[in-house]
Each structure stands twice: as structure tokens, then as C-alpha cells.
Amino acid sequence: MLAGGVAGLLVAMGLMIVRLLRGPTAYDRVLAVNSFGTKTVLMIALMGFAVGRPDFLDVAIVYALINFISTIALMKVFRLRSLAEPLARLSISREAPDG
Amino acid sequence: MSPFAGAQFASPEVIQHAPALLIAAPLTAACVAALSPSARWAWFASLGGALVSLWMALCLAAEVARSGAVSYAVGGFAPPLGIELRLDDLSVFFCLLVSVMGVATSIASASLLRLELPERDHSLMQAGFMLAFTGLLGLTATGDAFNAFVFLEVSSIGTYALVAMGASQDRRALTAAFQYLVMGTIGATLFVIGVGLLYAVTGTLNMADMAERLAASSSDTAAIAGLALITVGLALKAAMFPLHAWLPGAYSAGPTMVVAFLAGTATKVSVYLLIRFLMDVAGGLESAGEGLLTWLIAPMAGIAAIVASVQAVFQTETRRILAYSSIAQIGYVLLGVTSGSVAGLTAALFLLFTHAMIKTVIFLSLGAIDHRGSRLETLAGAGREAPWTIAALALAILGLAGAPFTAGFLAKWRLLGALADDGRIWAVVAIAASSLTALVYCGRILETVLFRTRRPAGATISEASPAALAAIWFLAASSVWYGVDASALYDLARQAAASVMGASP
Amino acid sequence: MAEAIGWIGAVLVIAAVGLSIAGAVGVLRFPDVYTRIHAASITDTGAASLMTLGLLLMAGFSPAAIKLCIVWVFIMLTSPAAAHALAGAAFGSGHRPVLADPRQPSEDEA
Amino acid sequence: MSLLLASPELELVFSALLLTLVAGLVVALLAARSVLTCILLMSAFSLTMALWLMTMDAPDVAFTEASVGAGVSTMILLGAALSSTDVIPSLRPGRLWFPAVACLAAFIGMALIVPDLPVFGDPGSPPSAYVGRLYLEQTPHDIGAPNVVTAVLASYRGFDTLGETTVIFAAGVGVLLLLGGQVRSPDAAPEDVSLRASAGSPVLSVAARLLIPIICLYAFYVLAHGEFGAGGGFQAGVILAAALILHALVFGVRETMKALPVGVVRACAALGVLGYAAVGFLAILNGGRFLDYDALLSPVFEAGLPSSHLAGGHHHWGQRIGILAIETGVMLAVASTMTAIFYAFTGRVSRSDAAGAS
Amino acid sequence: MTLALVLTPYVYGLGFFMMAAGLLIALTSRHLIKRLIGLGVFQTSAGVFYILLSKVSGGTAAIRLEADSPAAEALASRLDAAYIAAHGVDGVVYSNPLPHVLILTAIVVGAATLAVGLAIIVRIRETYGTVDFEEISALEARALRDVREDEA
């Protein structure tokens, strides 16, 4: 039963990779990796129970954090072309249009 | 009888922990060097680390001479559970080689760094140098296959960045360092996959345990594949002939201190690992060990001796000539190793040690006389401005060419003798031809340095600093001494060869 | 009784996986970035909530249950924030959402 | 409950499926034409590899692969990719021919030895039946820590881990040598080229301000929990570094450098490795071998401590304290080295970008 | 057991394929960063090979469980008693922990190599202005030719 769930999540992750490869704009790719990461977190939680070792959830917590941090870094790279400057002043204005 | 028999260098408690202190001392020195605010303190730390490890190496040499192989279970757990530091005659031979070259380089390092790099980088350069030194010492001492991979990486990751720091003098250091990184990492990863295959067959990582279980193991193909991968990986690290492309660039563009230390030790320790795995660990698998040695390494070593020497003749930059000569010398050593006789291996180890001394003297003196420009012409008539340094350089170049009354001559003479006795005439011919071409480029260097006068403008040359001179002359004098009376070093080499060859009759 | 709770948990988990697959299909089929971000983040947080509830029923009172709640809190905190930042960045760099305007072809065909 | 469990065969099938997904990502990587797509694929590759490691019963390795692979490696890859061109020029087919044949020959050569390798999941294979089993049986008596992987990592093969921490420290020294020149002190940090910022969106800074303390606390939990569940010094160090990187990403590298200047970070890296070696030296001074944690506490002191319930009352306090001490040293070394590397990349790139932009 | 016999060549084959692919990218890619990524894949595939050796069918993670805990009983229920007696420790079958320890080291070594390699690439980009391998070798060849010309 849980194994069926794990197989379903695997399919969803495969679809995310298709979006990652096909994504026309860079933000589609960042979205694909972010969603891929969140689905991985769910997969870990589900697999922990399917394998009978529920104490694997520590790994799931780390996934959620790393996924968030790498999504912000990827987005900064595409948007501001630099990792160093503060994001708090993310500009909504329309200068610097780029892919 | 080893020259260290009966020598006593430290109290029994210290000797008991010598294997661990041998590696922990330079590691601590590296951390202290990184923490030290000024370049001077970093130099003192690296000098202290190098001297302590030389002291420990001497203690271990005495201990091994007295009571055979020393085994030290780190963490208090005996193998196969814990990691074992195992030093027999062969390991102690290479331990001494690495620590002697380390002390010499460390003594000369302060002035060499001052000539080439800004003040703020000195403490990190000393830390990187000490980490590479720790890695190489760890490689010679460890008795655990995976631990050897870890120390291989410790020694090489530090050196990639150190070689790249030569960019302040010559921008090609960056591309050379990148090539060195890619090739070195592929070599180390092939080595770890080979160890994985041996682990799959034997189930253990301790080399002595692995040797026993290999002898009894049924599945040979995986073990032979593992040994083959280890051989290719270490051949990449030792710059054996077809896989040597990274060495000339790294040796010609890196900072002098790093290149002098690398030329003396890095490729030599890889040769040690090759001997350890193919003769000691693969002892059981007669076919595999012998097969790889005779059909893979020997022909490549023969080609290396000739082709590398010929390429050295056509180079215009001083350090590139010496880099190709190093590749040829590795070819000679491997011809001796694969000769299959104790005399051959002894001559190879003797040649290895003398070559390490000679190359370190040459690179240290080239760097210490503070000449800008890498081309040979910029050294014309350096003998007048820096008589003492150039005298040592001349002595070493003579040794490199194998002129009589130098250790180089004695080493080649005995190697040719051993190979002739084993009936390997093609190897004798290869070495002889290669030595003749060596006369050509050594003669060219000597002629430029001593007799020629016209030098392109702006190539100023100054005498080396006292500390650098002391280190250079210590090594040059000992290389001459071993030319005259080679008994001490030769006995040490014979003990080392006997301990390995004895293991597999 | 415990068996029944276990089964309800399993059903919730299967529902969560179904929602996740629906979201994935949505991300593939939708015309432009903003609708895809919408599809992805809604279904991710929804599937996470359903999955956590289902597994909680199966885990009962154990350290694993506490960890499950921590995972749920983190996903609730990070996923919407990341989606918001992504949409802001996409908008800031000049991507216009595809409004229901027949004249403007959807991004995929352009 | 057992009805829902996956059968052992199903687990093997799942791990094979996930490995296929990983291999698929490698094929996509072969064909990728833009560096940023490569980095994204590398991030997905690390995540899927970590998932595969979970199905192979290796939670500690999955932990490290996810945090190091998907976390820190992606950061520094992005830092370097920012300064270089994005398009990957394709190789003229003429030059691709020889390496491709060589790699194919290597693949076929390796495939030939597969029949000689132990069967997948075979409990009687030499590795699993010999030393692996010894570790599982000896750990309660020698060390008493439930997590056998941490026991082997920190105590049985503690020398390997010392070498590993030295490798990370060597990488930190190398990167600081190559790129560290300019980021000497906070005021020398790159002046921020900020766009004409209208009302910036506070969502991310609020989320970050909420998350960073939790992540730091979680890092210390992973450090302390290393003996009982998945976790340990490396993972904790990387998570701590990830928290600092998050702070740098959201509030700017200059703010983080004010909190943790490069000099302090570099000193902490050296102190971490020194701490690890100091535990080894302390063991020697107490009469044991290098890194022998049983010798850390004098027997009189240890007798007074309560006995640990798990290992049948046998006193393991020397091992426990030794493992915790070296894991703290490893965490300090790894966290500060990763932070120093992140400073070196971001501090450097924005300067050349600024130079490029003006 | 037939499942294991089918899976064994397939799984090892995937591991060796990743090694060959990683090596191919590391040796042939013209973009220096992609070379390093190929190198990273090659190092990770060495880890895949080790972990493939460690898996014991029906085994669980090497974190010792109390023999009577509910998790241990649930795990034991799906295996027959003889298998557990032969290959289990205190009533629970575990996978081999040693390769996990080794691969923790290999992953950290891979990250360290990547960091140093990327630092060198940033410096190369600043001195040569490009990260394309063939452009760099062309630049160096031309520099060598200039030196020879002004010497003649």
C-alpha cells in the first residue's frame, strides 16, 4: 500500500524532471527543482514508514531546509546576477529584464 | 645490517607513539601555521612540524631495525576493526625520504616565499605545505587501504591550490593546476574503485589481512581488475609515461617551494604504493602482481626513459627540461622495480632516494637565486653573481647526468648491473640511450650557467639567502657523500627491498 | 481499532500522492510561469498536509510524530515563501502573465 | 501495520528504480548545453542520489549527500558560474571520438567482472559477512552507541575521519589562498550594487529571520543526536554553514561578514582540526593510543558516572565523551570552512561583476 | 532469489555507466565548470559501487534496535526466522555499515575537490577572460609564438 504511494511520488518526480529539461524560461527550471525537492521530502517521510524505520525523518527536515536555501540562491542568480547583495531590497520595478 | 641498528633517538614512551606523532605533528603544525598572524611564526611552526616528524622517522628507523615491522593500532582497536599504522623497512625508507626533503624545503621556504609571493599569503602557504607533508607521511605509514586513499587526497588537494599560486609569476600555473587537479582526482578515484573491488573480494580493508585473504580467495577476475585499476590510478599519480601530461606544466609554473617538495616526494610515494600493492598485497595472486608488473609497467617505463629524455632536449625553459628528466628518472626506477630481483629493487630504491635529493637541490637553487623568467638563457653566467648556489646546482646537475664520483653514477651503475644480471638487455639499452641524451641537456644547462656570459637585459641574479644555502648544501653534500661511500643508504635500500621481496619468494 | 486508523492513514497518504501527481501534471500542462508556480506550490503544501496527517495516524504518539509535525511546519514556512519569491523574481525580470487574451499565444507556442 | 510494510524484494526494486532515475539525470547532464541547467541537474542528481541512499539503508550518507551535494556544492557552483559564460560550446566530433571509445572500453571491461562480484543484497558476501558483521556485534560492548555508523566513523576508524577533516581544511586553505585575497575585513567586503529598490518584498526576510535560529538549533541537535540516529559532525557542520549562507543570501554577504569576519572563520577552521588532534594527544597523555577514547577519562572518575542503560550497564563514558568531542571539532572545522569558501566565491564575484557592469 | 540475480547485473551496470559517463564529461567537455561537474559524477559513482556492496536483502539501517521494540518486530515479521538467525544480530538483520562510513569520506573529498577546482576556474576566467578549454589553449599557443618571434 505505502509502496504504491512511493511509486506514485516517483512518477511525479519524473514529471518534474521533464519540466526541468523542457522549461523555456529559467524560472520554470527553478520551480521544477523546488517542487522536485518538496516531493523528495514527502518521499522520504513515506519511505521511512514503508521501510518500518520512522526515525529517518531527520533527513526529511534537512531536505526541506536545503531545498528552500538552494531555491533562493538559484532565484537570486537568475534575477540579480549576484549572490552577494541583500535580497531584502528585491526590486519589483521593471529594469533588468532577463531570462 | 641497517645503518640505524642499535641507534637510540628517544625514550621508549616516545618511540611507542612514534607512528601517530609522525603524522599528528605536521598536522598540528599546519593548523598553527594557519592560525599564526605573521609569516615568521608560520615558518617556525612548519619548521617545528618538519623537524619533529624527521625525529620520529629516525626513531622508527631504529625501532624497525631493532625489532622488525612496527604496528600501531590507532584508537586502541586492533585490525581488522580499527586502522593500523604499519611500518616495515620499505615504509621507513620512504618515511625518511619524505621527512628529509620536507625539512630541507621547510628550511629554505621562508626566503623562497619572500621572493615570489606577497607577505599575506605566506602563513597559508606554509599551512598548505604542511598539509601536503602530512598527507605524504600518512601514505607511507598507513596499513589500511582506504586510509591510504584519504591521505592521498589530503596530500593532493593542498598541492593543487599551491601549484596554482604560481600564477603571480607565470599565468600558465592556473591551467596547469586545473589539469593537475582533473588528472590527480581521476587517479585517486580509480585508486578508490580498485580498493573497493579488493574489498568486495576480501571483505577487509587492512592491507596485511587483505594479502592473506587474497591468497585464499576463489574469485580472481575481480581482484585482478581491482589491482589493474589501482595500478592505472597510481600510474596517473606517479606520472608514468602515457599518463604524465600534467607534470611538465605543474613543475614549470608552480612556486619554487612547492615544486621542489613535489619533485622530491609526490611521485616517489606513488611508486611506494605501487610496490606495496603489487608486490605485498597481491603477493598471493602471483599471476596478477607479476603480470601487471611485467606486461604493463615495464614496457611503459622503458618507453618513458627514452621519449621523456628526448623531449627534455628540445625544451627551452629550464624547469620544463627538469620536469621531463623527472619523468625519465621515474622510468628508470620502475624498470628497476619490475626487474623482479632484490638487487634490481635495491638499485631502484637507491636511485629513487638520490634522484629525490638531486632534484630538490636543483629546484631549490633555481628558485633561491631570484631570477625572473623561465627560459634557460636568463641563467647565462649566473656562476659569477651567485657562486655558492650555482656550485651546488652544478654538483646536482652532474649527479643527474650520472657523472663519475656522484651518487647518480653509482645508482645507474648498480641498476644497469642488476638489470644485466636479470637478462633484461632491452632495459639496459633503454637506460643507456636515455643517459646519453641526459648528458646533452645537462651539459647545456651547465654550459649556460657556468661559461656563457651574454644574458638578456633585466635578468638580475642574486646569491641565495643563508637558510636556503644551508638546506641546498646539506642535500648537495650528502648526494656527493653517497657517491663516494654509498654503504649507509645502499644497506637501507637493500633492507627495504628484502622486506618486500622476501614476503613473496 | 488500531488497524482501522492505520487504514484511514493509508487512504490519506494515497490521496496526498494523487494530489501531488495532479500538481505535477499541472506544472507540465499550464501555459506560463505564474500558473505553473500556482499549480506546484498549492499541491505541494496540500499534499504535505495530507501526507503528514495520514502518517500521524499511522505513527500514533511517538518521537516520529513530533518529527512529522516539524517537517510539516517547515514545508508550510518555506514552500509558500519560495513560491512568492519566485513569482516576484519572474515578474521583476519582465515576464508578463498570459491573460485570457486570444490574440496573445501562450508561451509554449511562442 | 505490517501489511503496509514493503517486502525486502520490493525494496531492492525501488532502489533499482531510483538508480535508473539517477542514471537518467546523468544522461541529461551529458547532453546539457547551458551551465545553469547543468547545475540544476547536479542539484537534482544529489537529491535523487540521497533518496537512493535512503532505500539502501544508509541514512547518514543520504544526510551528507543531500546537505553537501544539493546544498553547499550548488552554492559554490552558482558562485563560480556567475563569473563565467553560460553557453557550453559543443566539441568538434573529431576530438570526441577517442575519449568516447576509451570510456566505452572501460565500461565493457568493468561489466565483464560483474559475475565475479557479490550478488546484490547477498548477506553472505565477504564484505557483509566479515568485518561488517564484526562491527555490528562489537559496537555495544566496545562503544555502546546505537548508531553503528557513527561509532565506526568516530571511534573505530577515527583516524580516517581526522584525515577527512584535514581534507576539508586543506580545501579551505586552498580556496582562501586563491580567492581570499580581497575579502580581508568586513569593510573591504564588496560594496553592494543594489538596484533602485522600491518597496522590497519583506516575505523572504521575515521567513529567513524566523528560520535561521531554528536551523542553527537543528544543527546542534544533529550533532548531539549523532550517536542515536542519523547525524554527526559533518552533517551538523554543513547545516550550520547552510544557515549562515541563508543569512548571507537574504541579508547580503556584508552583513554576515560583520557578524563573522573572514579572520574568525579561518581561525575556527584551524581550531576545529586542532581540537580533533588535541583529543588524540589527550588520549596519549593518559596512557592510551592516539585517539583511544577509553583512555580519556581516568577509571576512578568514570566509575562515579551512571552506567548507560543501553549497553547492559557497561561504562562507555570515555567513548561517548570522546565521540562528542571530536564531532564538535569536525562540526567547527566543516562549518567554518564551508562559510569561508562561500565568502571567497561571493566576495570575489560581485567585485568583478561590478567592474564588468560599470 | 531470481529477482536478485536479475537486478545484480542491472544495478552494477548502472553504476559503471555513471563512472564512464562522468569520466567522458571530465575528459572531453570544453567548458571548465562542466568538466568539474563530470568529475563530481565520477567520484559519486565510486560511492555508488561501495554502497551497492553494503546492501543486505531484508536488512535495515545500521542503527541498532532493541530486539523487542515494535519496529524490530515489524521488520522481523517480514523475514523467516532461519534467515534472521543466520544473518541477523540480536534478532534484527542490518545492512553492512562499513561502506557507509567510507562513502561519507568520499562525498566530503568530492566537495573539497569541487571547491578548489572552482576557485582555480574563477582565477582562470579573470586572467584569460574565458573558460573555454580550446580558447585557452589557443591563447597560450599564440603567447608562445609571440615569445619565439621577438626572440628571433
Side-chain angles (χ1 to χ4, degrees), chain B residues 17 19-21 23-24 27-28 30-35 72-77 80-83 85 118 120-121 124-125 127-128 131-132 134-135 138 142 144 146-147 150-151 153-154 157-158 160-162 164-165 167 197 199-205 213 217 219-225, chain D residues 109-110 112-118 125-132 134-135 138 142 152 155-164 166-178 180-181 184 266-267 269-274 277-278 280-281 283-284 288-295:
Chain B
H17 294 295
L21 293 177
I23 298 163
L27 178 63
T28 319
C31 297
V32 169
L35 284 169
Y72 184 90
V74 182
F77 296 105
L81 286 181
I83 289 176
L85 294 179
R120 65 168 188 272
D121 289 336
L124 280 182
M125 284 295 283
L131 287 172
T134 311
T142 186
D144 186 276
F146 194 83
N147 201 242
V150 173
F151 280 119
E153 284 294 338
V154 166
I157 281 191
Y160 299 147
L162 293 182
M165 285 308 284
L197 282 166
Y199 171 67
V201 169
T202 59
T204 173
L205 285 171
R213 295 174 73 88
S217 84
S219 57
D220 271 359
T221 46
I224 291 173
Chain D
M110 294 297 277
L112 289 177
I113 58 166
V114 167
D116 221 17
L117 292 174
S125 71
S128 307
Y130 179 38
V131 180
L134 273 177
Y135 280 129
Q138 296 287 333
D142 295 349
V152 173
S155 185
Y156 283 114
R157 294 183 69 93
F159 202 54
D160 251 2
T161 312
L162 176 61
E164 199 180 312
T166 317
V167 163
I168 274 283
F169 178 54
V173 165
V175 170
L176 279 179
L177 266 174
L178 285 164
R184 266 280 155 264
R266 179 178 132 181
L271 286 176
V273 181
L274 261 184
F281 289 127
I284 285 187
R289 295 276 175 176
F290 186 69
L291 289 177
D292 178 359
Y293 307 138
D294 287 331

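Each chain gets a letter, A, B and so on, in the order its sequence line appears, and its residues count up from 1.
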Determine whether [X] and [Y] make a side-chain contact, defined as any pair of heavy atoms from C-beta on separated by less than 4.5 Å.
| X | Y | result |
| --- | --- | --- |
| R157(D) | V74(B) | no |
| L124(B) | L176(D) | yes |
| T202(B) | Y130(D) | no |
| T166(D) | V150(B) | no |
| F159(D) | F151(B) | yes |
| Y72(B) | R289(D) | yes |

Exercise. Can you tell me how far the OG1 atom of T134(B) sits from the CZ atom of F169(D), to the nearest 0.5 Å?
Worked result: 10.0 Å

Problem set entry | Atom pair CD1/OG1 of I83(B) and T161(D) - distance to nearest 0.5 Å | 7.5 Å

Taking every non-hydrogen pair under 4.5 Å, which of [options] racks up the most with chain B?
| options | result |
| --- | --- |
| V167(D), L134(D), D160(D) | D160(D) |
| I284(D), V152(D), I113(D), V114(D) | I284(D) |
| A269(D), G132(D), A270(D) | A270(D) |
| I168(D), V175(D), L162(D), V173(D) | V173(D) |

Quick check on [X] against chain B: is it the side chain, the backbone, both or neither that has a heavy atom closer than 4.5 Å?
| X | result |
| --- | --- |
| L112(D) | neither |
| S155(D) | both |
| L117(D) | side chain |
| A283(D) | neither |

Problem set entry | Side chain, backbone, both or neither of A73(B) within contact of chain D (heavy atoms, under 4.5 Å) | backbone

Exercise. Contact part of L27(B) toward chain D, heavy-atom cut-off under 4.5 Å: side chain, backbone, both or neither?
Worked result: side chain

For this session: Would you check if the side chain of R266(D) reaches a backbone N or O of L35(B) as a donor-acceptor pair within less than 3.5 Å?
Result: no

Exercise. Is it true that a side-chain atom of Y135(D) and a backbone atom of L81(B) form a donor plus acceptor pair closer than 3.5 Å?
Worked result: yes

Exercise. Which heavy-atom pair separates G174(D) from A161(B) by the least distance, and what is that distance?
Worked result: CA-CB, 3.3 Å

Problem set entry | Trace of the ring-ring contact (aromatic ring centres under 6.0 Å, His included) decision for F77(B) with Y293(D) | CA-CA 11 Å; F77(B) 296 105; Y293(D) 307 138; 8.4 Å; no

Exercise. Mind checking what makes side chain to side chain donor-acceptor pair (under 3.5 Å) contact with D292(D), not counting sequence neighbours?
Worked result: none

Problem set entry | Any residue meeting side chain to side chain donor-acceptor pair (under 3.5 Å) with Y156(D), in chain and number order, not counting sequence neighbours | D142(D)

Exercise. If you count heavy-atom pairs under 4.5 Å with chain D, which of G82(B), G158(B), A34(B) comes out on top?
Worked result: A34(B)

